[in-house]
Amino acid sequence: MQLSTTILLIIALAPLAGCLLAGFLGKQIGRAGAHSVTILGLLISCALSFYVLYQITAGGAPSYNQDIYTWFEIGRLHVSVGFMVDRLTAMMMVVVTFVSLLVHVYTIGYMADDPGYQRFFSYISLFTFAMLMLVMSNNFMQLFFGWEGVGLVSYLLIGFWYKRPTAIFANLKAFLVNRVGDFGFLLGIAAVLYFLGTLDYATAFAGAPSLIGKSLALTANTHWDAATVICVLLFIGAMGKSAQVPLHVWLPDSMEGPTPISALIHAATMVTAGIFMVARMSPFFELSEGALSFVMIIGATGALFTGLIGIVQNDIKRVVAYSTLSQLGYMTVALGVSAYAGAVFHLMTHAFFKALLFLGAGSVIIAMHHEQDMRYMGGLRKYMPITWITMWIGSLALVAIPFTSGFYSKDAIIEAVGESHRWGSGYAYVCVLAGAFVTALYTFRQMYLTFHGKERFVVVGHGHGHDTHAIHHEVHDHGAHDAHGDDHHAHTDDPHHGHKPGELEHAPHESPWVVTLPLILLAIPSLLVGFFTIGPMLFGNWFGQAIHVEEANNVLGELGREFHGAAAMGLHGLLSWPFALVALAFVITTYIYLFNPAMAGRIKSALKPLWTVLDRKYWVDDVYFAVFARGGVKLGRLFWKAGDAAVIDGVLVNGSAGLVQRIAAGVRRLQSGYLYHYAFAMILGLILLLGGFWVFGSGQIGQ
Amino acid sequence: MFNHLLSLLIWLPIVGAIPVLLAGSGRPGLARWISLLVAVLTFLASLYLLPAYNAADGAMQLTESHVWIASLGVHYGLAVDGISVALILLTTFVGILVIVGAWEVIQNKPHQYMAAMLVLEGLMIGVFCATDALLFYVFFEAMLIPMFILIGIWGGPRRVYATLKFFIYTFLGSIFMLIGLIYLYLKAGTFDLHTLAMLPLTMKEQSWLFFAFLAAFAVKVPMVPVHTWLPDAHVEAPTGGSVVLAAVMLKIGGYGFLRFSLPIVPDASEHFAWLVIVLSLIAVVYIGYVALVQEDMKKLVAYSSVAHMGFVTLGIFIAFMLVRDANNLDAAKLGMQGAMVQMISHGFVSGAMFSCIGVMYDRLHTRQIKDYGGVINVMPWFGFFYVLFAMANSGLPGTSGFVGEFMVVLASFTANPWIALFAAFTLIIGAAYTLWMVKRVLWGDITNPHVREMKEINGRETFVLAAFALAVLALGIWPQPLIHLMDASVSQLVQQLAVHKI
């Protein structure tokens, strides 16, 4: 059984068709029309993706690799648009279309009152198209197309509420930081072409062994190993897209976008494109120990240090955002120890439970009338039980409680790092282990603050309560940078509309079924998918040829020898260090947030310097803004005023212009000033000049 | 008549300008319709180039040659190759859009404005067809007159300064070229470009000639440091003038390098390629920073043009390193094709950007970025186009802006990774200056009450922007037809580079 080109084309193009219809005919087809066509497109795409996955795993279909059309052809360089679908791709297609479909449905509820309803559906379908082009590509050009395409949609969606200054700051920041990554990525693609003479995956991977021993001359005496150059440059691209330190700064700000896209783009799919890309490029990365060490150290640093920031966040979405940064770090560490399958496996489980957590957070935000600050929540569990339970499921998966999906993927990564002997793996092991503790801290804190304990909001109706003033006072101490921003809908001029933070007009209530259904549908795989798939995906060589690992680097193979089924692994997990750390975090947070709420404040005061470091996000954003944004503008002004205006224009041009002007002043009297005269004279002169040879020429015509 | 297709393309708009002028200021409607008719006919005639030109053969085709000034051996010689065909199509395409774009906007002597546009179009087509150096020179210089008039009559408050600057720059540049051409004539006894390409020249001669040509074309492109006329000219020019200037006239500089510097003085071009490459990279990085801090939208896009045209000169001159040092003809072709695609793409993108600025200027009568903000609130369809073109200007894949830059970066990496490093910097700085402008103009809440009164684009404006948008997307999604059109000619050119004259 072969995969059909038509089916693959439909999978990619159905979301695009939905996007165009909802985008260009939004007014004509209306709100219902817009969500119907886009969801229909996604439904087709998702169903066919499952079919393709079925064909390729159970149906015995071979991997697909064909060009669709020639993008350009110059000499022997042939660049096409085409698809390569193997098990890695098929899995990604399913994850992308499934999560996207659920997010589409969820959006019906979440964006119900937004005037940009059609536009939003158009964007998320466009995103799905670009993401599919990215994962289905069979060459580097199309990869870059999808790569930047998802970046464009991310830009549009972060700035979806374009009236908010923070949103349009965040989207510009996201785009530019990603462009820094893409700068490296493009050079990496150029390096591939330089060394291997092709942009086609299959040909390039086949030629990868020829990179051994080659090097790039940077100066007369500096030569860099070819594979290392290629891999580091490509990975810089991944650092941008997958928000790795130090290019991670855009992701927390991207929370300015509506919550559905935080789930889809900034948690489940787009940000994992870098992980996917590195796994796809495993034939190159396997050739460079140096590049893999680099990948591992970057990932490990992100896994721990961005997670720490999550502990001090008060915005419910930002906690999840920092958690995403940290989990992306875990995936990257896995790549760095050559456990590509582990990275992709965690990518998949993370897509489910993180999308769930974001959509759950969105459900809470709706209930709270677009209040995102957890200090005004508490006790919500009795108002919204479905959201409460599903979010707990997502949280348990996130902190890797044995038998949940997150446990299988994350524990495998921690084990793989422990198994690795790569330079820097000791550091990485400490980071991922400590990261497990940190993850549990911020996750349980978030759950307690949101759903448990005392209610810290009051329902005021149209009257005003007075008992919340103490809270306000505390909030305003936090300073303006602390974005307790409100995920507000554009239809309301002010989300609180005369209410102070913590004051609600109506009691919170459970969200409508279009919101809760996706939560339930995501909770199921968050809980179960790991148990059923870890055997084949991690240890059964499920990915086959799609991922290449050198025998010497095969840490997953090592682990596989000790693997005796998912159940045994789960039981063993109960006795492991990561679980002990999670349990410790559970005890600590439970004591603080359920039994002794005042203690949180005391700890904060006691550890004020540390708290400040985390609250300021290690000052990375501030330094970047001062150096690159302000510095760039200053440099531009200097170039403009000193270079263009003073030297070139001031000295060179206006000097001579002055001279000419004086001469021209004398000649000016000769001129009539009527355009008509000039124009006619001009045309006549030309005709006479060029036509003159008919009369005065030698008479020879043609040669 | 198809033996004279090229003559038809040149003279149809020029002669067509006469009835437009005669229609007079009393009947502006008639003048507009005649000019539109002429522009459309010219465009249709230029489409006939596609079947008439055999793309598989890269040589000059559709040749016309008549003795013009017998005593000097000057010919009225016309012919085209794939590169010329592409540029002529760009010219006639933009030709229609500037007429439509100016329709109600130009109220002061519209017939004269339209006539000047048509004459300009014919002259530019002449430049792309001429195979005789003197004929090229005549068109090259004559072209300045209508542009001079367009800026001088319909320009902004500082138009006198701008036109003077424009004139001095270009005139000074081209006078050197004229001297060079006279020298070549004295040596070869002809102005025929093909013969001049065969003419053996010493390194010393080539070097002098190289700088003579460089003076003319560097100003036209424009390259750093002779670029400062462009922002001033753009700021003062009416929208249509800016569109033609950016979309077509700048390309004549790049085209000149191909027709003069490369074939006639190949060894000097190789010897001084480093200079052009360095200036091109300065254009990308330095001008990128200058563009970042512009407060006037037109100036910003003008500087952005300088930066983008840097890829054209880079792609052309990188080919020397690739052919002669690395002996990598494929990479050289890639770079050269990249330069050509960049020329066409920049024609669409810059034309579109200036049209967008024109649309806003017609409503608010200011080009200052700070006077805008939140335009998307009142003009969502306009916003769609503006973001699309801004993304193309930032080199987003899927738009034409990506293709040429991608090819040039790939080719330069093969020549030298450091060159690619600086060239690829455009990804960051290009996005920074373009999208920062978009942020301040389009996004945000309305702060200036006049912005609230801005009306959504009308049908005529939508037509212009949609035409540009289709071109930008078509070229970005499927560049192969354009590349195929130019492929054989670029191959020939690249093979020519390998031949030493000394």
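Proteins get letters first, then strands, A, B, ... in listed order; numbering begins at 1 in each. Worth knowing before you read on, the calculation uses all heavy atoms, side chains too, and leaves out hydrogens, waters and symmetry mates.
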Quiz prompt | Point-to-point distance, once rounded to the nearest 0.5 Å, from OG of A:S80 to CZ of A:F72 | solution = 10.0 Å
Quiz item: If you round to the nearest 0.5 Å, how far is CD1 of A:I74 from CE of B:M336?
Solution: 11.5 Å
Quiz item: Highest number of heavy-atom pairs under 4.5 Å with chain B: which of A:L156, A:L172, A:N171?
Solution: A:L172
Quiz item: For B:N416, is it the side chain, the backbone, both, or neither that has a heavy atom closer than 4.5 Å to a heavy atom of chain A?
Solution: neither
Practice problem: Counting only heavy atoms closer than 4.5 Å, note whether B:L396 contacts chain A via side chain, backbone, both or neither. | Solution: both
Quiz item: For B:I429, does its backbone N or O pair with a side-chain atom of A:R179 as donor and acceptor, under 3.5 Å?
Solution: no
Quiz item: Where does B:L435 contact chain A at under 4.5 Å (heavy atoms): side chain, backbone, both or neither?
Solution: both
Quiz item: With only heavy atoms counted, which part of B:V387 is less than 4.5 Å from chain A, the side chain, the backbone, both or neither?
Solution: side chain
Quiz item: According to the interplanar angle, ranging from 0 to 90°, do the rings of B:W11 and B:F139 count as parallel (below 30°), tilted (30 to 60°) or perpendicular (above 60°)?
Solution: tilted
Quiz item: Are the aromatic rings of B:F384 and A:F24 close, with centres under 6.0 Å apart?
Solution: yes
Self-check item: Atom group of B:W443 that falls short of 4.5 Å from chain A, counting heavy atoms
Solution: both
Quiz item: Given the options A:V81, A:V180, A:L77, which has more heavy-atom pairs under 4.5 Å with chain B than any of the others?
Solution: A:V180
Self-check item: Part of B:S412 within contact of chain A (heavy atom distance under 4.5 Å)
Solution: neither
Practice problem: Under 4.5 Å heavy-atom distance to chain A, tell me which part of B:H484 shows up: side chain, backbone, both or neither. | Solution: neither
Exercise. Answer yes if the ring centres of B:F148 and B:F167 are under 6.0 angstrom apart, and no otherwise.
Key: yes
Self-check item: chain A contact via B:Y433 - side chain, backbone, both or neither, heavy atoms under 4.5 Å
Solution: neither
Exercise. Please flag which part of A:L193 lies under 4.5 Å from any non-hydrogen atom of chain B: side chain, backbone, both or neither.
Key: side chain
Quiz item: Relative to chain B, which segment of A:A167 carries a heavy atom at a distance below 4.5 Å: side chain, backbone, both, or neither?
Solution: neither
Quiz item: Which answer fits A:N178, side chain, backbone, both or neither, if we ask what part of it has an atom under 4.5 Å from a heavy atom of chain B?
Solution: neither
Quiz item: Is it the backbone or the side chain of B:V490 that comes under 4.5 Å from a heavy atom of chain A, or both, or neither?
Solution: neither
Quiz item: Who wins among A:L186, A:L638, A:V177, A:V192 for the most heavy-atom pairs under 4.5 Å with chain B?
Solution: A:L186
Quiz item: Quick one: what part of B:W229 sits under 4.5 Å from any heavy atom of chain A, side chain, backbone, both or neither?
Solution: neither
Self-check item: B:I477 portion near chain A, given a 4.5 angstrom heavy-atom threshold
Solution: both
Quiz item: Pick from A:K634, A:R76, A:M141: which one has the most heavy-atom pairs with chain B under 4.5 Å?
Solution: A:R76
